[in-house]
Amino acid sequence: MEPVHPEFRPDPGLSRAEMESLQRQIASEAVFEDADEHLPESPVVVGVDQAFPDERAVSAIVAMHEGEVIERASAVTDLSIPYIPGLLSFREGESILAAFETLECEPDLALFDGSGRIHFRQAGLATHMGVTLDLPSVGVAKSLLCGRLSNPPEEPFSEGTRVPILADGRVEVEEGTVLGYAVQTRQYDGGSRYINPLYVSPGHRVGAETAASLAQAHCASYKLPEPIRLADSYAGELADEARQ
DNA sequence: GCGACAG
DNA sequence: ATCTTGTCGC
């Protein structure tokens, strides 16, 4: 699929100020609530993840429908900027969009490895990609970029726990706005080890509660939603090949 | 100056 | 994220 808003393509050649300005524009176009048209009964869901062999970015997309993998797509690009917290989508976005351009099926929803609305300018990777493609999207991060937990219960959180993530002073939105949820998708029973929660937020055309529900609904036996987990291992395979 | 920060 | 050995627990 092609970008519906090519003007939002993440050009790594922009200055930092220009990138941040574009993010504010993207955030204003983003819809952080459920779309009027609900998702189909059995949606095609894609998981997106990256790996970085040497100085290149490998983006992998795994498309699933009713629990089955129906397509895999990928792309490799050279990296032009370093990792800068808050500007991740400008480092990885080019290869992600290139991979989407080779995807033949029409996804109804995309799950990204990284933040969506949980971002300084409310325009994390999942939001940037979702708005650019005009595709409903959800951000699934393994650590918290900004914001704070609201009234967290005692740790470790038990499986199924959801804790609201509220905007703090670092986020360009009214303080206390619900940006997403910490979601404990899996947890060990007793024992000495415990699993950290996921930080789930709306990318585009999805509300915070729905984003959390979608992330949970797509988990199989592991902490990460299955489409993302499969995209992660696929990206890893491709990266291994690229290194040789 | 200090703190803090997805992948 | 990536680079890496060992170690814990089921």
Side-chain angles (χ1 to χ4, degrees), chain A residues 10 12 16 19-20 23 26-27 30 47-61 74-97 99 110-130 137-149 156 165-172 179-183 186-204 208 211 215 221-225 228-229 231-244:
Chain A
R16 180 161 184 157
M19 292 181 188
E20 295 180 352
Q23 288 181 325
I26 289 163
V48 186
D49 194 21
Q50 284 73 241
F52 306 90
D54 308 314
E55 277 302 284
R56 289 168 297 173
V58 173
S59 287
I61 301 176
S74 65
V76 183
T77 67
D78 289 323
L79 289 170
S80 38
I81 66 170
Y83 166 67
I84 301 168
L87 298 179
L88 182 68
S89 62
F90 289 88
R91 173 173 164 85
E92 306 185 352
E94 286 286 26
S95 82
I96 293 175
L97 292 180
L111 306 178
F112 288 91
D113 65 309
S115 284
R117 193 183 189 183
I118 298 176
H119 180 274
F120 309 121
R121 291 164 293 279
Q122 300 189 94
L125 179 72
T127 299
H128 194 157
M129 298 294 101
S137 63
V138 171
V140 179
K142 295 180 288 295
S143 59
L144 194 58
L145 176 62
C146 56
R148 51 171 248 267
L149 299 195
I165 306 295
L166 307 183
D168 59 18
R170 298 174 293 173
V171 184
E172 295 182 3
L179 301 177
Y181 286 89
V183 181
R186 290 292 177 264
Q187 188 57 278
Y188 295 125
D189 294 320
S192 54
R193 298 190 304 176
Y194 70 90
I195 300 173
N196 291 131
L198 255 23
Y199 300 92
V200 182
S201 58
H204 184 42
S221 304
Y222 303 88
K223 160 182 177 171
L224 282 175
I228 294 181
R229 200 180 67 83
D232 181 283
S233 65
Y234 184 39
E237 290 176 24
L238 295 170
D240 287 340
E241 295 171 13
R243 274 185 275 254
Q244 300 176 37

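Residue numbers start from 1 in every chain, and the chains themselves are labelled A, B, ... in the order their sequence lines are given, proteins ahead of strands.
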Item to check | Backbone N/O of A:Ile96 and side chain of A:Ser59: donor-acceptor pair under 3.5 Å | outcome: yes
Next on the checklist: Measuring to OP1 and OP2 of C:dG9, would you say a side-chain N or O of A:Ser192 lies under 4.0 angstrom away?
Outcome noted: yes
Item to check | Row check, A:Phe90 ring normal vs A:Arg16 NZ/CZ: under 6.0 Å, within 45° | outcome: no
Item to check | Integer-rounded Å distance: B:dG7 C1' and A:Leu87 CG | outcome: 12 Å
Next on the checklist: When you measure from the centre of the six-membered ring of A:Tyr222, is the NZ or CZ of A:Arg229 closer than 6.0 Å and no more than 45° off the axis?
Outcome noted: yes
Next on the checklist: Nearest to the A:Arg193 side chain among B:dG7, C:dT2, C:dG9, which nucleotide is it?
Outcome noted: C:dG9
Item to check | Nearest-neighbour nucleotide for the A:Pro85 side chain, B:dC5, C:dC3, C:dC8 considered | outcome: B:dC5
Item to check | Spacing between A:Arg148 atom CZ and B:dC5 atom C1', to the nearest angstrom | outcome: 18 Å
Checklist entry - Which nucleotide in the list C:dT2, B:dC5, B:dG7 gets nearest to the side chain of A:Arg91? => result B:dG7
Checklist entry - Side chain of A:Ser89, backbone of A:Leu125: donor and acceptor closer than 3.5 Å? => result no
Next on the checklist: Nearest whole Å is fine: how far is B:dA6 C1' from A:Leu224 CG?
Outcome noted: 13 Å
Item to check | By side chain to side chain contact (heavy atoms under 4.5 Å, CB included) - contacts of A:Tyr194 (at least two apart) | outcome: A:Glu155, A:Pro156, A:Gln187, A:Asn196
Checklist entry - Please give, in whole Å, the distance from C:dA1 P to A:Asp54 CG? => result 17 Å
Checklist entry - Side-chain N or O of A:Tyr199 less than 4.0 angstrom from OP1 or OP2 on B:dA6? => result no
Item to check | Presence of A:Ser143 side-chain N/O under 4.0 Å of B:dG7 phosphate oxygens OP1/OP2 | outcome: yes
Item to check | Donor-acceptor pair, side chain of A:Ser137 and main chain of A:His204, under 3.5 angstrom | outcome: yes
Checklist entry - How does DNA chain C read in dot-bracket, base by base from 5' to 3', with Watson-Crick or G-U pairs under 3.5 Å and | used when the partner is on another strand? => result ..........
Item to check | A:Lys142 side chain near B:dA6 phosphate (N/O to OP1/OP2, under 4.0 Å) | outcome: no
Checklist entry - With centres under 5.5 Å and planes under 30°, do A:Tyr83 and B:dG7 count as stacked? => result yes
Next on the checklist: Nearest to the side chain of A:Asp49, heavy atoms from C-beta on, is which of B:dA6, B:dG7, B:dC5?
Outcome noted: B:dG7
Next on the checklist: Whole angstroms only, please: what is the CD1-P distance between A:Ile84 and B:dG7?
Outcome noted: 16 Å
Checklist entry - How is A:Arg243 classified with respect to the nucleic acid when contacts are heavy atoms under 4.0 Å: base, sugar-phosphate, or nothing? => result sugar-phosphate
Checklist entry - Any side-chain N or O of A:Arg121 less than 4.0 Å from the OP1 or OP2 oxygen of B:dC5? => result no
